[in-house]
Undergrad: 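Take this structure first; my questions come after.
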Amino acid sequence: MKRILTIQDISCLGKCSVTIALPVLSAMGVETVILPTAVLSTHTMFKGFTVKDLSDQITPITAHWKRENIKFDAIYTGYLGSAEEIELAENIFRDFRQPDTLIFVDPVMADNGKLYPAFDMAYAKQNAGLCAAADVIVPNITEACFMTDTEYRENYDENYITGLLKKLAGLGAKISILTGVSLSNGKTGAMGYNTETGEYFAYQNDLIPAKYHGTGDLFSSVCVGAILRGRDLRSAIKLAADYTAETIRVTLKNPSQPWYGVDFETTLPALIDAMRK
Ligand code: PXL
């Protein structure tokens, strides 16, 4: 069984980061090791959330793993929370990377043209440095703009997206996948660029007019899980996009849906089925 290390916060309530990555990757048949960067009472879209930073625990934990000679097939980072955590993640890449370890970075920090409350431009620049060390990066358009000093646009064409992908490639990652990309009216999905082959790839779904927290984490977790289970990049992106879209659809139909996250628990059995094919 493949083993992945995921480095991100635990938001105790809120269905994001580790509380999505762990159940989703486990359901996909990947052994998932977690490294919590911080414990929050909820994700940061709630008012009055508490945070306990766990930076001082990271090095002792990873030093123990080193003594136990633990190896990872992939390392996947999400919401990190502070400049110090990004630096620690870079150290972990350096210490645990083997020739075939997949480094997958979701530079979680912004959406809809704005940085999340905890972050500033210095953090965005540091995330760009983290992306440089990755094999695959999965920013949304806002995050890509902050990391490449590009003007954020609500309305854009394919040239804007391919330009942004080229700039992301300039950061140094091998494969850049932009999420939340709409290439025509009523559609949304992802578009990627492989620096090594010079190839672009896109996948589009019908746009569902709803925004939920944690859907980026869902997309990333399924995408990296599918790659680890042997899918090629295009089919990993299709699975992740279709699964995320279906989960949003199901959530919208639930009359008692919580506002803070999606009902991925309802759609997990279908994901397990998809992995059997
Ligand atoms: O879903 C990304 C995410 C993860 N963790 C925390 C967050 C967010 C997005 O806001 O606040 C704590």
Side-chain angles (χ1 to χ4, degrees), residues 4-25 32 34-55 57-58 75-86 88-89 104-121 123-124 126-127 130-131 134 136-147 152 177-180 188 190 210-225 240-241 243-245 247-248 251 257-265 267-268:
I4 190 169
L5 166 64
T6 188
I7 311 172
Q8 33 190 335
D9 70 279
I10 295 180
S11 289
C12 298
L13 174 91
K15 303 202 223 185
C16 66
S17 38
V18 164
T19 61
I20 288 213
L22 179 58
V24 166
L25 284 160
T32 306
I34 62 166
L35 187 54
T37 52
V39 183
L40 292 83
S41 53
T42 64
H43 61 56
T44 60
M45 299 297 131
F46 283 80
K47 285 205 182 75
F49 61 88
T50 68
V51 194
K52 171 70 179 165
D53 183 88
L54 298 176
S55 305
Q57 296 301 304
I58 305 292
I75 303 175
Y76 155 37
T77 65
Y79 185 103
L80 292 173
S82 71
E84 188 182 358
E85 300 283 4
I86 293 183
L88 288 165
F104 189 99
V105 171
D106 185 353
V108 178
M109 63 179 154
D111 206 359
N112 305 308
K114 289 197 201 93
L115 287 164
Y116 291 147
F119 305 134
D120 57 16
M121 268 317 287
Y123 186 80
Q126 240 195 316
N127 250 326
L130 188 70
C131 285
V136 181
I137 60 172
V138 285
N140 61 34
I141 295 176
T142 305
E143 289 156 349
C145 286
F146 278 113
M147 290 193 295
Y152 174 77
I177 302 168
L178 262 178
T179 60
T188 190
K211 285 232 173 222
Y212 284 105
H213 212 73
T215 50
D217 301 333
L218 202 56
F219 178 90
S220 296
S221 301
V222 176
C223 188
V224 71
Y243 178 69
T244 305
T247 304
I248 295 171
T251 305
Q257 57 180 268
W259 63 268
Y260 53 78
V262 283
D263 288 352
F264 72 94
E265 301 86 346
T267 51
L268 267 188

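Start at 1 with the first residue, then count along the sequence. Both ligands and their constituent atoms are indexed starting at 1 by order of listing. What you see is a predicted model, and the numbers here were worked out from it, not measured in a lab.
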Undergrad: How does Val108 reach ligand 1, by side chain, by backbone, by both or by neither, if only non-hydrogen atoms under 4.0 Å count?
TA: side chain
Undergrad: Using a strict cut-off of 4.0 Å, indicate which atoms of ligand 1 neighbour a heavy atom of Cys16.
TA: 1 (O), 4 (C), 5 (N)
Undergrad: Below 4.0 Å from ligand 1: does a non-hydrogen atom of Gly216 turn up there or not?
TA: no
Undergrad: Can you see whether Glu84 engages Ser82 through a side-chain donor-acceptor pair at a distance of less than 3.5 angstrom?
TA: no
Undergrad: Verify whether one side chain among Thr244 and Thr215 offers a donor that lies under 3.5 Å from an acceptor in the other.
TA: no
Undergrad: Nearest to atom 11 (O) of ligand 1 by heavy atom, Thr44, Leu80, Leu218: which?
TA: Thr44
Undergrad: Write out the residue and atom name of the closest protein heavy atom to atom 5 (N) of ligand 1, then the distance separating them to 0.1 Å.
TA: Asp9 OD1, 2.8 Å
Undergrad: So, for Met109 and Asn127, which heavy atoms are closest and what is the spacing to 0.1 Å?
TA: SD-ND2, 3.4 Å
Undergrad: Report yes if some N/O of Asp217 lies less than 3.5 Å from some N/O of ligand 1; otherwise report no.
TA: yes
Undergrad: At what distance is the nearest protein heavy atom to atom 3 (C) of ligand 1, and which residue and atom is it?
TA: Tyr79 CD1, 3.6 Å
Undergrad: Under 3.5 Å between any N/O of His43 and any N/O of ligand 1: does that happen in this structure?
TA: no
Undergrad: Indicate, as side chain, backbone, both or neither, the part of His213 found under 4.0 angstrom from ligand 1 when only non-hydrogen atoms are considered.
TA: side chain
Undergrad: What is the nearest protein non-hydrogen atom to atom 12 (C) of ligand 1, stated with its residue, atom name and distance?
TA: Ser11 OG, 3.3 Å
Undergrad: Can you see which heavy atom on Ser17 is nearest to which on Asp217, and at what distance?
TA: N-OD2, 2.8 Å
Undergrad: Calculate, to the nearest 0.5 Å, the distance between atoms CG and CG belonging to Leu35 and Leu88 respectively.
TA: 8.5 Å
Undergrad: For Tyr116, is at least one N or O under 3.5 Å away from an N or O on ligand 1?
TA: no
Undergrad: Tell me if the centroids of the rings in Tyr123 and Tyr116 come within less than 6.0 Å of each other.
TA: no
Undergrad: Within the 4.0 Å heavy-atom shell around Leu40, which atoms of ligand 1 are there?
TA: 12 (C)
Undergrad: Which heavy atom of Ser221 sits nearest a heavy atom of Val24, and at what distance?
TA: CB-CG1, 3.9 Å
Undergrad: What class does the angle between the rings of His43 and Trp259 fall in, given that below 30° is parallel, 30 to 60° is tilted and above 60° is perpendicular?
TA: perpendicular
Undergrad: Considering only heavy atoms of Met45, which atoms of ligand 1 have at least one such atom less than 4.0 Å away?
TA: 10 (O)
